[in-house]
Amino acid sequence: MDGYLFCGLSEQLETLEVRRSNLTRWWVAPDGWPDRAPRDVVRRCVVDAIAMWAEHAPLQGVEASSEAEADLVVRPAAIDGGMGVLADCMLPGPRVQVLRCDNAEMWTVQLGPSVSSSLIDLDRVLRHEIGHFWGIGHDRKGAQSLMAPTYSRSIWSAQEWDVSQIQSLYGKRETPPPSPASPPTTDDDPYYTVLFNRAGSEICRFKRMPS
């Protein structure tokens, strides 16, 4: 799986320095998500991704009460089918930035090197795309960084280059980041990690309790 196209951000759209407010209000679209990535799972991955960047810079995110109040909207989309562009996100500029996830991918949630080569870890993909939301472009192709343009099973958190980029825009965090608020779940849409085979059949599921 390493080396597949990670992100649809055009290199022509990247700039030397783009940034936005340190606080984002995000919203995950309620409909259209595949069974492999139900909305509550996506919401918690957004919380996780923002918290990762907030470890290195004074950034914070809160879930908006509606799409109209959000400046980051996360949507499912038909981008180009499986094993191509996994997701994309606008760089800062418009009032509302849109982050799209391809609903044809074989999504799972499993940070770390043990994720199957036939599956795509939604958590690390959103960490990459939310880096674009904060204003970071792509590192060079083949670089050992989260913001390299291709998916990596061996990198799932901000590396030295990524940290330098986020801190060049927002500065260093001088105090511990606030504990991220886990969005509430419902009985019919719990937070879980679920693994699928390439045919799309569920092979195992792990219930994950809110931290």
Side-chain angles (χ1 to χ4, degrees), residues 1 4-9 20 24-30 32-57 59-64 67 70-77 79 82 84-92 96-112 115 119-139 145-159 162-163 165-166 177 180-183 185 189 191-195 208 210-211:
M1 184 60 63
Y4 277 79
L5 189 59
F6 200 147
C7 174
L9 177 67
R20 64 174 305 127
T24 181
R25 292 176 171 82
W26 55 269
W27 174 257
V28 174
W33 294 99
D35 291 341
R36 295 182 295 276
R39 182 174 184 255
D40 269 359
V41 170
V42 179
R43 290 165 66 217
R44 288 181 178 271
C45 287
V46 171
V47 170
D48 177 78
I50 292 173
M52 185 212 70
W53 289 110
E55 292 177 4
H56 306 288
L59 303 171
Q60 189 175 358
V62 294
E63 187 173 24
E67 181 174 343
D71 47 42
L72 171 63
V73 175
V74 184
R75 298 185 182 281
I79 298 178
V85 173
L86 307 180
D88 55 31
C89 183
M90 296 175 175
L91 288 169
V96 179
Q97 289 167 247
V98 176
L99 190 166
R100 304 187 305 162
C101 299
D102 196 328
N103 54 20
E105 299 297 344
M106 300 296 293
W107 296 112
T108 190
V109 179
Q110 188 165 333
L111 283 175
V115 63
L119 302 172
I120 301 293
D121 178 21
L122 178 64
D123 213 334
R124 78 187 68 197
V125 169
L126 288 181
R127 289 177 174 202
H128 173 103
E129 298 303 336
I130 287 177
H132 290 321
F133 170 80
W134 292 119
I136 307 176
H138 282 148
D139 196 357
S145 62
L146 182 65
M147 297 306 296
T150 53
Y151 180 86
S152 171
R153 293 171 59 210
S154 62
I155 296 173
W156 57 90
S157 61
Q159 305 298 299
D162 309 305
V163 172
Q165 295 299 300
I166 198 72
S182 297
T185 59
D189 196 9
Y191 180 38
Y192 53 78
T193 297
V194 57
L195 300 182
R208 296 173 64 181
S211 56

Atom [atom1] in [X], atom [atom2] in [Y]: separation rounded to 0.5 Å?
X: Ile120; Y: Met106; atom1: CD1; atom2: CE; answer: 9.5 Å
X: Ile79; Y: Leu86; atom1: CD1; atom2: CG; answer: 8.0 Å
X: Thr24; Y: Gln97; atom1: OG1; atom2: CD; answer: 7.5 Å
X: Arg124; Y: Ile155; atom1: CZ; atom2: CD1; answer: 9.5 Å
X: Tyr151; Y: Glu105; atom1: OH; atom2: CD; answer: 10.0 Å
X: Ser152; Y: Leu146; atom1: OG; atom2: CG; answer: 9.0 Å

Which residues satisfy the side-chain hydrogen bond (donor to acceptor under 3.5 Å, both in side chains) test with Glu67, sequence neighbours excluded?
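side-chain hydrogen bond (donor to acceptor under 3.5 Å, both in side chains) check on Glu67 returns Arg75.
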
Counting N and O atoms only, with roles assigned by atom type, does the side chain of [X] sit under 3.5 Å from a partner on the main chain of [Y], one being a donor and the other an acceptor?
X: Arg153; Y: Val115; result: yes
X: Trp107; Y: Asp102; result: yes
X: Arg36; Y: Asn103; result: yes
X: Arg39; Y: Trp33; result: no

Answer whether the closest heavy-atom distance between the side chains of [X] and [Y] falls below 4.5 Å.
X: Trp53; Y: Ile136; value: yes
X: Val125; Y: Cys45; value: no
X: Met52; Y: Ile130; value: no
X: His128; Y: Met147; value: yes
X: Val96; Y: Trp27; value: no
X: Leu99; Y: Phe133; value: no

Test side-chain contact (heavy atoms from CB on, under 4.5 Å) applied to Ile166 and Trp134, step by step:
CA-CA 8 Å; Ile166 198 72; Trp134 292 119; 3.7 Å; yes

Check the pair Arg127, Asp48 against side-chain contact (heavy atoms from CB on, under 4.5 Å), reporting the backbone distance first and the verdict last.
CA-CA 8 Å; Arg127 289 177 174 202; Asp48 177 78; 2.8 Å; yes

Of all the heavy-atom pairs spanning [X] and [Y], show the shortest one and how long it is.
X: Pro76; Y: Ala29; value: CD-CB, 4.2 Å
X: Cys89; Y: Leu72; value: SG-CD1, 4.4 Å
X: Asp162; Y: Ser157; value: OD2-O, 4.2 Å
X: Glu129; Y: Ala87; value: OE2-O, 3.3 Å

Parallel, tilted or perpendicular: rings of His132 and His138 (30°, 60°):
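Rings of His138 and His132: perpendicular, as their planes differ by over 60°.
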
